[in-house]
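Given the structure is predicted, the values throughout are model-derived calculations rather than measurements.
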Amino acid sequence: MDPHPKHPREKALKVNLEDTRYGSFAEIGAGQEVVRWFFQAGGAAGTIAKSISAYDMTVSDAIYGKCARYVCRERLESMLTYEYDLTLERLALDRGESTAFFSFANTVSARNYHGTNECHGWLGIRFQAEPGTQASEIIIHVRMLDSENALQQEALGIVGVNLVYGACFLSDDPDLLVQSLLDGLSVNRLEVDMVDFSGAAFEQVDNRVLSLRLVQLGLSDAAMFAADGRVLQPSEHLRKKSVLVERGRFRPVTHVNIDMLDSALTAMEAETGAESGETVAIMEMALKNLNAGGDVDLDDFISRAEVLEAAGHTVMISDYPEYHRLASYLSRNTQGRIGITMGAHSLAELFEESYYKDLPGGLLEGFGRLFKNKVKLYIYPYRDPKTTQLIKADNLEVPKPLRHLYQHLLDNGHIVQLERYNEDYLDIFSPNVLEQIGSGQSGWEHQVPDVVAQKIKRQKLFGYN
């Protein structure tokens, strides 16, 4: 047998034949799709202490406690905690010295009869890497993309087996574990848009790097993490909220980046009447801007993530080089308003026909996709380094055939000029700051927030020495 089989039946059998693994399965929402593989593979008595499907909401509440929503991380974690603690309570005394216990759980919303629901699920496993050790945990969120309920259930069962197998045999290589999650599946059937590793076995794991790997491997088109490094599930974090995004390289994040986001946030909240803090502000990095010669420099990525977190901002990594695809992704995850802030020079690039060469409808189709979901562009001024002229939305030069379209977007409020900005910051350019840091020049500290300068020096980021 392959030391790391790909087929779910072979994986389930290998887990069943591993005499140190023993635990429980609790599944809500799509039947017993994961545990079924272990029952059918043979040798299940060696692995399964208990299997339960608390399908009824009242029954589920009675066991795991009440919850506002049934397909959410909170419900999954209560299931894992309850089942794991119960397993140890009942079995640890008799066989704890020779058994590594686990509890697997999922809570899922597969396609309903009318096809009107969001098809997604939370899956997790809490486990001992070795008998008697402290628990470790892996939690993932998936979106099921098949059009039929039966196919979605099948995909869910397979990814669940992959997760259990990974916890049992690949916990010492989290990168390989993440890669294995779609063994026997394809990205056309299932998307994994969040992974979170925690506990004793994963003390050295950086979940930000694993979030990046999801996007690199094509398991997801985007991943998010909070200012404190916690990974976030996009639809749960953005649900029903207004969202503002600033795209950049952030090598490093400078005063101009912060001022642009703050200015746009103030304008957006004034328009929507939202209270301060109600809009989610995101610093977004496109995967293409992380690649250097085709590969991602992980040290460079961590440096960017560290300074963005020091500045207190949520971070998104996406595989959406085009703004209209980014806007479509955001609209899928929230019903609130969407704002994108950018410099005037980036706005000019949006009016280049070559930017839309992959769309049959060209530029017009691209703009139709960009603005169809309550999207506004908030434009930060740009100082032309040659003429020193201040370029803003109202004096931006666009190709002559597109001037009427541009004026239409201005007149109807789809493109908004930001009036609150700090002119002293307009001469700051991240590439210049990066060069100064790497070459040991002084003065760069005044071009970035104090907390960012301190972090760069303390952790020697971006080649600082």
Side-chain angles (χ1 to χ4, degrees), residues 1-18 20-21 23 25 33-35 37-38 41 47 73 76-77 80 84 100-106 121-130 133-143 155-187 189-220 223-225 229-233 296 298 301-302 317:
M1 184 184 293
D2 186 334
H4 290 304
K6 303 295 184 183
H7 193 278
R9 186 181 297 275
E10 294 177 359
K11 286 189 174 186
L13 178 59
K14 186 170 180 178
V15 173
N16 285 348
L17 297 179
E18 173 56 56
T20 63
R21 306 289 175 180
F25 291 78
E33 303 307 321
V34 178
V35 77
W37 283 102
F38 293 89
T47 295
R73 180 167 182 163
L76 176 72
E77 290 181 334
L80 289 172
Y84 183 81
F101 295 108
F102 71 87
S103 67
F104 170 87
N106 65 46
W122 289 88
L123 300 86
I125 183 167
R126 184 171 296 179
F127 66 101
Q128 295 174 322
E130 300 291 340
T133 60
Q134 292 297 309
S136 301
E137 189 171 275
I138 308 170
I139 290 177
I140 68 173
H141 180 268
V142 302
R143 293 181 62 245
L156 178 75
I158 294 173
V159 74
V161 171
N162 291 340
L163 178 57
V164 174
Y165 180 89
C168 292
F169 297 105
L170 301 175
S171 62
D172 61 341
D173 190 344
D175 189 73
L176 181 57
L177 195 160
V178 169
Q179 292 182 53
S180 74
L181 288 175
L182 288 195
D183 282 353
L185 296 168
S186 73
V187 294
R189 297 194 63 189
L190 201 80
E191 176 185 336
V192 182
D193 62 6
M194 195 214 79
V195 294
D196 189 2
F197 287 64
S198 61
F202 305 121
E203 290 179 351
Q204 305 305 315
V205 170
D206 190 328
N207 280 303
R208 298 170 303 181
V209 174
L210 294 183
S211 297
L212 171 64
R213 290 294 285 151
L214 288 179
V215 182
Q216 280 185 294
L217 294 166
L219 275 71
S220 177
M224 292 176 61
F225 46 91
R230 289 179 300 110
V231 292
L232 302 171
Q233 198 283 311
V296 174
L298 287 182
F301 165 70
I302 291 298
I317 310 156

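Between Ile158 and Trp37 the shortest side-chain heavy-atom distance falls below 4.5 Å. Within the 4.5 Å cutoff, the side chain of Gln233 has no heavy atoms near those of the Met224 side chain. Ile317 places none of its side-chain heavy atoms less than 4.5 Å from the side chain of Leu214. Counting only heavy atoms from C-beta outward, the side chains of Arg9 and Val161 never approach each other to under 4.5 Å. Put simply, the side chain of Val142 reaches to within 4.5 Å of the side chain of Leu123, judged on heavy atoms. In this structure, the side chains of Trp122 and Glu77 stay at 4.5 Å or more apart for every pair of heavy atoms. Ile125 is not listed as a side-chain neighbour of Glu137, based on a closest heavy-atom distance of 4.5 Å or more. Proximity of Ile302 to Arg208: side-chain heavy atoms (C-beta onward) are separated by under 4.5 Å at one or more points.
Although no hydrogens or angles enter the test, the distance criterion places a donor-acceptor pair under 3.5 Å between the side chain of Arg21 and the main chain of Cys168. No donor-acceptor distance shorter than 3.5 angstrom exists from the side chain of Gln128 to the backbone of Ala135, with no hydrogens or angles considered. Side-chain atoms of Ser211 do not come within 3.5 Å of backbone N or O of Ala223 as any donor-acceptor pair.
The side chain to side chain contact (heavy atoms under 4.5 Å, CB included) with Leu210 is formed by just one residue from the set Asp196, Val231, Val195; it is Val195. Test Glu10, Glu18, His4, Lys11 against Tyr165 for side chain to side chain donor-acceptor pair (under 3.5 Å) and you get one pass: His4.
Expressed to the nearest 0.5 Å, how far CG of Asn207 lies from CG of Leu212 amounts to 12.5 Å. For the atom pair CG of Leu156 and CG of Leu190, the computed distance is 8.0 Å after rounding to the nearest 0.5 Å. Distance check, rounded to the nearest 0.5 Å: OG of Ser171 to CG of Leu176 gives 11.0 Å. Distance check, rounded to the nearest 0.5 Å: CG of Leu170 to CG of Leu177 gives 5.0 Å. A distance of 10.5 Å separates OG1 of Thr20 from CZ of Phe102, quoted to the nearest 0.5 Å. The structure places CG of Leu163 at 10.0 Å from CD1 of Ile139, a figure rounded to the nearest 0.5 Å.
Under a cutoff of 6.0 Å and an axis angle of 45°, Lys14 and Phe169 form a cation-pi pair.
Relative orientation of the Phe25 and Phe38 rings is tilted, given thresholds of 30° and 60° on the angle between their planes.
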Exercise. Would you check, one step at a time, whether the test side chain to side chain contact (heavy atoms under 4.5 Å, CB included) holds for His141 with Val192?
Key: CA-CA 6 Å; His141 180 268; Val192 182; over 6 Å; no
Practice problem: Please test Asn162 against Leu182 for side chain to side chain contact (heavy atoms under 4.5 Å, CB included), starting from the C-alpha separation and ending with a verdict. | Solution: CA-CA 7 Å; Asn162 291 340; Leu182 288 195; 5.7 Å; no
Quiz prompt | Asp183 and Leu181: CA distance, side-chain angles, deciding distance, side chain to side chain contact (heavy atoms under 4.5 Å, CB included) verdict | solution = CA-CA 6 Å; Asp183 282 353; Leu181 288 175; over 6 Å; no
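Between the side chains of Ser220 and Glu191, at least one donor N or O sits under 3.5 Å from an acceptor N or O.
Using a 4.0 Å cut-off between charged side-chain N and carboxylate O, Asp193 and Arg143 make no salt bridge.
Residues Tyr84 and Ser103 come closest through the heavy atom pair CB-OG, 3.4 Å. Taking every heavy atom of both residues into account, Ala41 and Ala12 meet most closely at CB-CB, 3.8 Å.
Between Phe197 and Phe202, the distance separating the two ring centers is shorter than 6.0 angstrom.
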